[in-house]
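For reference, the structure discussed in these notes is given below.
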Amino acid sequence: MVDITKLPKAKSGFEELRSQNQIYVDHTDLIYEFAYLDGPNFLSRPRRFGKSLLISTLESLFTHGTEFFKGLKIEKLWEKREQGKTYKVIHLDFSSFAYTSPEDFDAKIYDILDKIANNLSITRTNSSGTYKSDALLTDIISSAPGEFVLLIDEYDYPLTHSLDDKELFEEYRKYIQGLFGTIKALSGKMRFIFITGVGRFAKTSVFSQLNNLRDLGLEAKFAPLLGYTEADMHQ
C-alpha cells in the first residue's frame, strides 16, 4: 500500500524530495539519455505538470553529480560516463520574478547573471545596447567553455501574461527572440541547454534564432519524463 502522505508537494524541489524520502517515480534513465543529445532541448507541458521539478532534478545532477540519486537508474550510468565531474549551472525561471516591461525583465535576468559573474570573478564586456544580459551571458559562458549548463524554466511566461496587450507582447517576443539568438551562438560552448514552457508559440518567430532546438515533446519515448504512467501506478 502506497503511503500517500509521502507524495511530493507541488513546490517540492528534487533535493528536498529525496532528502525527505518522498515518493519519486524513477525515469532518470530518460534523463540520462537526453542529457547527451546534441543541441538545445525543449519540452512543453501545461502548468503543474512537473516541469520545474524536472529542471530542479537536472540542476542537482549537473551541480552535485549523483549525490541525491542513490539507488536511481541514472546513478551508475552517470558515474561511469562523467566520473564525478560537475558543472556550473545557470538557472533562469522566467515566472519567478516580477517585471513590467522587457527592460525590467532584462534587468532581473542581469541581476542573476551578475551574481554568477561576481562569484566567478569574470571580466565584463561593456554593453552599449538597451539590453545588457546578452553581453554578460556571453562573458560568463566564454570564460569556461564546456563547463556551463543553462536551464530556462517557463520561457513563455512573459508572452502568456501579455496576450491582452499586443504591443507589450511584441516587445517581449522580440526580446526573447534576441536572447535565444545569443544562446544559439553560445550553444557550442555549453555542456547542456534545456528550456521548458507551457507551449511552443507558433508563427511568432520566437524560436527562429534557436532553430537547432530539439523538441522532446514530439518524441514518444520521452513522454514519461513528467508525471506518472499507468504502469507506474500499478508497481
Can you give me the closest heavy-atom contact between [X] and [Y], atom names plus distance?
| X | Y | value |
| --- | --- | --- |
| Ser101 | Leu168 | CA-CD1, 4.4 Å |
| Ser95 | Glu154 | OG-CG, 3.7 Å |
| Ser162 | Pro158 | OG-O, 2.8 Å |
| Glu75 | Gly71 | OE1-N, 2.9 Å |
| Leu159 | Arg173 | CD2-N, 3.7 Å |
| Ser142 | Lys189 | OG-NZ, 3.3 Å |

#### Entry: Pair Phe192 and Tyr87, ring centroids less than 6.0 Å apart
no
Rounded at 0.5 Å granularity, tell me how far [atom1] in [X] sits from [atom2] in [Y].
| X | Y | atom1 | atom2 | value |
| --- | --- | --- | --- | --- |
| Ile74 | Glu33 | CD1 | CD | 11.0 Å |
| Ile195 | Leu43 | CD1 | CG | 11.5 Å |
| Phe14 | Phe68 | CZ | CZ | 8.5 Å |
| Ile31 | Leu54 | CD1 | CG | 5.5 Å |
| His27 | Asp29 | NE2 | CG | 7.5 Å |
| Phe34 | Lys221 | CZ | NZ | 11.5 Å |

Find out whether [X] and [Y] are in side-chain contact, i.e. whether some heavy atom of one side chain is under 4.5 Å from a heavy atom of the other.
| X | Y | answer |
| --- | --- | --- |
| Leu58 | Val149 | no |
| Met190 | Ile183 | yes |
| Leu17 | Leu53 | yes |
| Ile90 | Ile141 | yes |
| Asp153 | Leu151 | no |
| Leu72 | Arg18 | yes |
| Phe105 | Tyr131 | no |
| Leu61 | Thr57 | no |

Q: Please determine if Asp111 and Lys115 form a salt bridge, counting it only when a charged side-chain N lies under 4.0 Å from a carboxylate O.
A: no
- N-O pairing of Arg124 and Asp114 below 4.0 Å: yes
*Classify the ring geometry between Phe62 and Trp78 as parallel (under 30°), tilted (30 to 60°) or perpendicular (over 60°).*
perpendicular
In Val206, Ile176, Val198, the residue satisfying side chain to side chain contact (heavy atoms under 4.5 Å, CB included) with Asp156 is Val198
Near [X] [atom1], under 6.0 Å, is it more than 12 heavy atoms from other residues, nucleotides or ligands?
| X | atom1 | value |
| --- | --- | --- |
| Lys85 | NZ | yes |
| Asn118 | CG | yes |
| Lys70 | NZ | yes |

For [Y], does its backbone N or O pair with a side-chain atom of [X] as donor and acceptor, under 3.5 Å?
| X | Y | value |
| --- | --- | --- |
| Ser187 | Lys184 | yes |
| Ser133 | Asp106 | yes |
| Ser56 | Ser52 | no |
| Thr66 | Phe69 | no |
| Asp139 | Thr125 | yes |

Open item on the list: Does the structure place the NZ or CZ of Arg81 under 6.0 Å from the centre of the six-membered ring of Tyr36, at an angle of no more than 45° from the ring's axis?
Closed with: yes
Only one of Phe94, Tyr172, Phe42, Tyr175 passes ring-ring contact (aromatic ring centres under 6.0 Å, His included) with Tyr155, and that residue is Phe42
### Task
Please assess Ile112 against Phe97 for the test side chain to side chain contact (heavy atoms under 4.5 Å, CB included), listing each intermediate value before the final yes or no.
CA-CA 11 Å; Ile112 296 171; Phe97 40 82; 3.8 Å; yes
### Verify same cluster id: Leu120, Leu113 (apolar side-chain graph, 4.5 Å)
yes
Between Leu37 and Ile55, is there a shared hydrophobic cluster once you connect ILVMFWY residues whose side-chain heavy atoms come closer than 4.5 Å?
yes
Full working for side chain to side chain contact (heavy atoms under 4.5 Å, CB included) between Leu179 and Asp134:
CA-CA 6 Å; Leu179 179 64; Asp134 287 359; 3.4 Å; yes
**Prompt:** Under 3.5 Å, is there a donor-acceptor pair linking the side chains of Ser60 and Glu15?
**Reply:** yes
